Amino acid sequence: MPHIPAPKRIGVLAIQGDYAAHAAALEEVGAEPVAVRKPEELEPLEALVLPGGESTTMLKFLEKHQFFQALQRYCASNPVFGTCAGAILLAREVLNPTQRSLGLVDVTIQRNAYGRQIDSSILTAPTSLPGGPLEMVFIRAPRILKVGHGVEVLARRDGDPVLIRQGHIMAATFHPELSHDRRVHSAFLALVDSANRR
Ligand code: GLN
């Protein structure tokens, strides 16, 4: 009998925002999504997704429920993928306005950076992921203004990094879970795989 590996159990922070869309995307790439609402739920999971939504609301919840430090500890040593508000939570420095963050990805990020009129948009831009240009859904998106030396840029929008990786962490300023293309979630699973083999 061939050995069929059990699906990876990947947490999705389910405090607020579009965690259900991430769960569906993870299922499509063969993982088992698990909703995370309490610190103790992180422990058995192989990796975590921080979804889009409203980073201030997530931050308030995390602080109110003594969850901030446990999340920071988990994300410091396990594979994590943050999209939009999730990317804001992971950043080293947040602007517009300044706000507390986990400080695990060496970027400066500006919230709601693309102006009122065009605050949400869908466009196709080049990426270094195999398979050609990628559809990107931006919703009141942040803009990555600065990246540190250890940060690999996997896609850009008009020169701005929009998909990045630093070690075991990936972040996107757009919403790959809202497109049909599953290359970004597959790339994250590949990252989880390589982290397991280290
Ligand atoms: N504007 C939100 C924030 O600043 C992010 C938007 C999103 O996640 N789609 O937290």
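These figures come from a predicted structure and were not determined experimentally. Order of appearance sets the numbers: ligands from 1, and atoms from 1 within every ligand. Hydrogens, waters and symmetry mates play no part in the numbers below; they use all other heavy atoms, side chains included.
- Summarising the geometry of Glu135 relative to Phe174, their closest heavy-atom pair is O-CE1, 4.3 Å, with the distance given to 0.1 Å.
- Look at Glu46 and Arg9 and you find no salt bridge, because none of the NZ, NE, NH1 or NH2 atoms lies under 4.0 Å from a carboxylate O.
- Crowding of Glu43 atom CD: a count of heavy atoms from other residues, nucleotides or ligands under 6.0 Å not exceeding 12.
- In terms of protein heavy-atom proximity, atom 7 (C) of ligand 1 is closest to Cys84 SG, 2.8 Å.
- Nearest-heavy-atom check against atom 5 (C) of ligand 1 across Gly53, Pro142, Ser55, Pro51 picks out Gly53.
- Atom numbering of ligand 1 starts at 1 in the shown order; those under 4.0 Å from a heavy atom of Ile88 are 3 (C), 4 (O), 10 (O).
- Residue Met58 places every heavy atom at 4.0 Å or more from ligand 1.
- Using bins of under 30°, 30° to 60° and over 60° for the plane-to-plane angle, the ring pair His185/Phe81 lands in the perpendicular bin.
- For CD of Gln69, the number of neighbouring non-hydrogen atoms (other residues, nucleotides, ligands) closer than 6.0 Å is 12 at most.
- Checking only distances, Ile139 does come within under 3.5 Å of ligand 1, N or O to N or O.
- Close contacts of ligand 1 with Gly52, meaning ligand atoms under 4.0 Å from a residue heavy atom, involve 8 (O).
- Between Arg111 and Glu54, at least one side-chain nitrogen of the basic residue sits less than 4.0 Å from a carboxylate oxygen of the acidic one, meeting the salt-bridge criterion.
- Looking at Asp193 and Lys8, a side-chain N of the basic residue comes within less than 4.0 Å of a carboxylate O on the acidic one, giving a salt bridge.
- Of the candidates Thr57, Asn112, Leu89, Val94, it is Asn112 that places a heavy atom closest to atom 1 (N) of ligand 1.
- When only interatomic distances are considered, the shortest N/O to N/O separation between His175 and ligand 1 falls below 3.5 Å.
- Closest to atom 4 (O) of ligand 1, if we only count protein heavy atoms, is Arg111 NE, 2.6 Å.
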